[in-house]
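In what follows, every chain begins at residue 1, and chains take the letters A, B, ... in the order their sequences are listed.
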Amino acid sequence: MSEERSLNFIEEIVEEDIRAGKHGGRVLTRFPPEPNGYLHIGHAKAICLNFGLAQKYNGKTNLRFDDTNPTKEETEYVDSIKEDVKWLGFEWAEELYASDYFDQLYDFAVKLIGKGLAYVDDSSAEEIAAQKGTPTEPGTPNQYRSRSIEENLQLFAEMKDGKYPDGAKVLRAKIDLAAPNMHLRDPLMYRIKHAHHHRTGDKWCIYPMYDFAHGQSDAIEQITHSICTLEFVPHRALYDWFIEQLEIFPSKQYEFARLNMTYTVMSKRKLMQLVNENHVEGWDDPRMSTISGLRRRGYTAASIREFCERIGVAKRENMIDVGLLEFCIREDLNKTAWRRMAVLDPIKLIITNYSEGQTETMHGENNPEVEGGEGGRDIPFSKELWIEREDFMEEPPKKFFRLGVGLMVRLKSAYIVKCEGFKKDADGKVSEIYCTYIPESKSGDDTSGIHVKGTIHWVSVQHAKTAEVRLYDRLFKVEDPSSEEGDFKDYLNPDSLQILPNAYIEPDMVNALPGKGYQFIRKGYFTLDKHSTPDKLVFNRTVTLKDGWVKKG
RNA sequence: UGCCUGAUAGUAUAAUGGUAGUACGACGGUUUUUGGUACCGUUUGUCUAGGUUCGAAUCCUGGUCGGGCAACCA
């Protein structure tokens, strides 16, 4: 197959570089998360991009933790990030940390001071902000800007040695206070933070800023293509400036548009708020856009990779319909999930002409999408069955292919039945449905000659097992909660989780495997929740089946 | 008022001066022991005004609209 697939703009850059013999054709990318939260589907896009690029062009990818702010970073996050990247199916060449380079970064800073390109500033944060000017007015230099190299060297060493409290001094690059690009107006390189670092402990009390750590780390690792999101475009000039002045490996930064998805939020800050304020059960709540949440919900790694492939990579702002993610998981699960029957909202159906106490064993295949069905399982059948309440109507409309008095349906993998009547309880609610079955219509051995439009699922009352089933809906009521008036949490969907404590499942489901997807026929795809136990089975609905039946009138 | 970016069906994404294509969605149909799947079909698009050219989504100029930038965050 030589199916021609078009390249995205980053692949074009890489191919051009390879063609030009840049770096001897070597490709080395990196995925550089800050370990201050859990990874979400937006990170998955970056992961697939970075690792995918390396795979495609015989390169490698480093996993580098951008841990330059000790007050926000924790080992718990490091561990979850590694787990998520692995689960997505990628292997990094090296596991690295920006904090591994603190000594080297310190030397880089000394070098810049020595070149007269950095100075220690005693101003407060407010003063520095004020002196930076505004986008339309240039900044103004202060008295510290003209300190001698010797004085700067000494002061910076003292900063490192812990002689000053937090905020007393910073190290700044001496570039241009009138630069149109605000990031070039003498940006901060180091700040004092007497804080414990999750890896370097108390060794340091000064920590480099992002701009004086990221590009330098890229250069140290000899990253060829440093890919990040659009908000870093204005940082690129600084990225290049430091590399040039330091005379280190010329890594290049390229930017793509981050992923936005409808009906969710995609920033660690907001996701953390949802967790901390208990709007969700945790970072891995199945409604969260986190990788761990999607995994617990029943999404497969393959479906997420496919999603990242389909959304593409470009430089324009985008808002992806969450429906595309749902399409990807349905497409995957349709081919792999075993079919089972479960009744979520039960009502009893009694077959009046079926003998009391009689049972039969029906057979159902595991997966009709696969040749041979991938084997099958036995399904016990008896006089009393649970069926879905919505599969019966007292006054069915014209195209209702389910039950109503006088209507016939096929019970999946069993007999055709005809509805003869029903009973209501004291509240006027339908409590039992009465049918007769057609003995000649047994599945696989049907000589009745009868053809019905509808097939419904069922579970034998005396053989049914119970399970808790959790139905998830979108977390927010609006497409883009972040762009709405007021707080994004005002737009949370109050009905995003519906718990059904007593659903009936066919007995074979006690053998359900954790991590495997099942299709509850006609209801959707489900998977075992992490809190499920043999005594109390708990299933999460991953996604519904596409519903082509639109009620009319 | 400055600088940086971007603009192609509803949503994404191709077409790299030469027939505007693909996917998801929507709509309609065929098949079906899941109103699922599969298959077939239909629908809708180059922000705008000029210019260059035999020919412009693509190149040039002006405008319009969107996003980002003034954290001791990344």
Item checked: Under 4.0 Å protein heavy-atom contacts per nucleotide of nucleotides 39-48 of chain B, with B for base, S for backbone only and - for none -> ----------

Note to self: I need a per-nucleotide contact map over nucleotides 64-70 of chain B, read 5' to 3'. Cutoff is protein heavy atoms under 4.0 Å; write B for the base, S for backbone only, - otherwise.
What the structure shows: ---S-SB

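Using a 4.0 Å heavy-atom cutoff across all strands shown, G167(A) reaches at least one base atom of the nucleic acid. Contacts of T229(A) with the nucleic acid, taken as non-hydrogen atoms under 4.0 Å apart, are absent. Using a 4.0 Å heavy-atom criterion, one finds that K193(A) contacts the sugar-phosphate atoms exclusively. Residue contacts for R410(A): at a heavy-atom cut-off of 4.0 Å it reaches a base atom on one of the strands shown. Using a 4.0 Å heavy-atom criterion, one finds that L324(A) contacts the sugar-phosphate atoms exclusively. As judged by a 4.0 angstrom heavy-atom cut-off over every strand, T262(A) is placed among residues making no nucleic acid contact. As judged by a 4.0 angstrom heavy-atom cut-off over every strand, G139(A) is placed among residues making no nucleic acid contact. Contacts of A125(A) with the nucleic acid, taken as non-hydrogen atoms under 4.0 Å apart, include base atoms. At a threshold of 4.0 angstrom between heavy atoms, the contacts of F327(A) are confined to the sugar-phosphate backbone, with no base atom among them. Within 4.0 Å of V452(A), counting heavy atoms only, lies no atom of the nucleic acid at all. Using a 4.0 Å heavy-atom cutoff across all strands shown, L545(A) reaches at least one base atom of the nucleic acid. Contact annotation for P32(A): no contact, since no heavy-atom pair falls under 4.0 Å across all strands. Residue V233(A) is classed as a sugar-phosphate contact, given heavy-atom separations below 4.0 Å to backbone atoms only. Looking at heavy-atom distances under 4.0 Å, T68(A) makes contact with sugar-phosphate atoms alone, never a base.
With salt bridges taken as basic N to acidic carboxylate O contacts below 4.0 Å, none links D186(A) and K132(A). Salt-bridge annotation for R236(A) and E255(A): present, with a side-chain N of the basic residue lying under 4.0 Å from a carboxylate O of the acidic one. Ion pairing between a basic and an acidic side chain is recognised when a charged N comes within 4.0 Å of a carboxylate O; R30(A) and D66(A) show no such pairing. At a threshold of 4.0 Å, the pair E506(A)-R339(A) does not count as salt-bridged, since none of the basic side-chain nitrogens sits closer than that to a carboxylate oxygen. Classification of E331(A) and R310(A) as a salt-bridged pair holds, one side-chain N sitting under 4.0 Å from a carboxylate O. Residues K174(A) and D121(A) are not paired through a salt bridge, judged by the lack of any N-O separation under 4.0 Å between the basic side chain and the carboxylate. Between D391(A) and R522(A), at least one side-chain N (NZ, or NE/NH1/NH2) sits under 4.0 Å from a carboxylate O, which counts as a salt bridge.
Between the CZ atom of R191(A) and the P atom of C73(B) there is a distance of 5 Å, rounded to whole Å. With rounding to whole Å, R172(A) atom CZ is found 11 Å from A71(B) atom P. Between the CD1 atom of I175(A) and the P atom of C3(B) there is a distance of 19 Å, given to the nearest Å. Counting to the nearest Å, the P atom of A74(B) and the CG atom of D218(A) are 15 Å from each other. Here A74(B) presents its C1' atom at 7 Å from NZ of K72(A), a figure rounded to the nearest Å. Nucleotide C3(B) holds its C1' atom 14 Å from the CD atom of E137(A), rounded to whole Å. Per the geometry, NZ belonging to K523(A) stands 16 Å off P belonging to U34(B), to the nearest Å. Summarising the geometry, the separation between CG on D332(A) and P on U37(B) is reported as 15 Å, rounded to the nearest angstrom.
The side chain of N8(A) lies closest to A14(B) when the candidates are G35(B), U34(B), A14(B). Nearest to the side chain of D66(A), among U37(B), G35(B), A74(B), sits A74(B). For Q519(A), the listed nucleotide lying nearest its side chain is U34(B); candidates were U34(B), C73(B), G36(B). Closest to the side chain of L188(A), out of G6(B), G35(B), C72(B), is C72(B). Ranking G35(B), C72(B), U33(B) by closeness to the S443(A) side chain, first place goes to U33(B). Checking A74(B), A12(B), U37(B) against the side-chain heavy atoms of N69(A) singles out A74(B) as nearest.
The gap from the P atom of C4(B) to that of A57(B) amounts to 28 Å, rounded to the nearest Å. Between A7(B) and U11(B), the distance separating the two C1' atoms is 15 Å to the nearest Å. If you take atom P in A49(B) and the same atom in A12(B), they sit 23 Å apart, rounded to whole Å. A gap of 49 Å separates the P atoms of G28(B) and U52(B), to the nearest Å. Going from the P atom of A9(B) to that of A14(B) covers 13 Å, rounded to whole Å. Atom name P, nucleotides G36(B) and U19(B): the rounded distance is 39 Å, in whole Å. If you take atom P in U8(B) and the same atom in U58(B), they sit 13 Å apart, rounded to whole Å. Taking atom C1' in both G6(B) and C47(B), one finds a spacing of 12 Å when rounded to whole Å.
Side-chain N/O atoms of R522(A) include one lying less than 4.0 angstrom from OP1 or OP2 on G35(B).
Using bins of under 30°, 30° to 60° and over 60° for the plane-to-plane angle, the ring pair W283(A)/Y38(A) lands in the parallel bin. Using cut-offs of 30° and 60° on the angle between ring planes, the pair Y97(A) and F65(A) is parallel.
A donor-acceptor contact under 3.5 angstrom links the side-chain atoms of E369(A) to the base of G36(B). At a cut-off of 3.5 angstrom, the base of U5(B) holds no donor-acceptor pair with the side chain of R316(A). The base of G35(B) lies close enough to the side chain of R402(A) for a donor and an acceptor atom to sit less than 3.5 Å apart.
Across all strands shown, A26(B) forms a Watson-Crick or G-U wobble pair with U42(B), both key distances being under 3.5 Å.
The aromatic ring centres of F526(A) and Y518(A) sit 6.0 Å or more apart. For Y254(A) and F9(A), the ring centers sit 6.0 Å or farther from each other.
Geometric assessment of K160(A) against the ring of Y106(A) yields a positive cation-pi assignment under the 6.0 Å and 45° thresholds.
For the 3.5 Å distance criterion, the side chains of R258(A) and N318(A) fail to qualify, holding no donor opposite an acceptor.
When the nearest nucleotides of RNA chain B are assigned to D321(A) and D166(A) by heavy-atom distance, the more 5′-ward of the two goes with D321(A). Looking at which nucleotide of RNA chain B each of G323(A) and M319(A) is closest to, the 5′-most match is held by M319(A).
In this view, D67(A) satisfies the salt bridge (charged side-chain N to carboxylate O under 4.0 Å, His left out) rule with no residue, not counting sequence neighbours.
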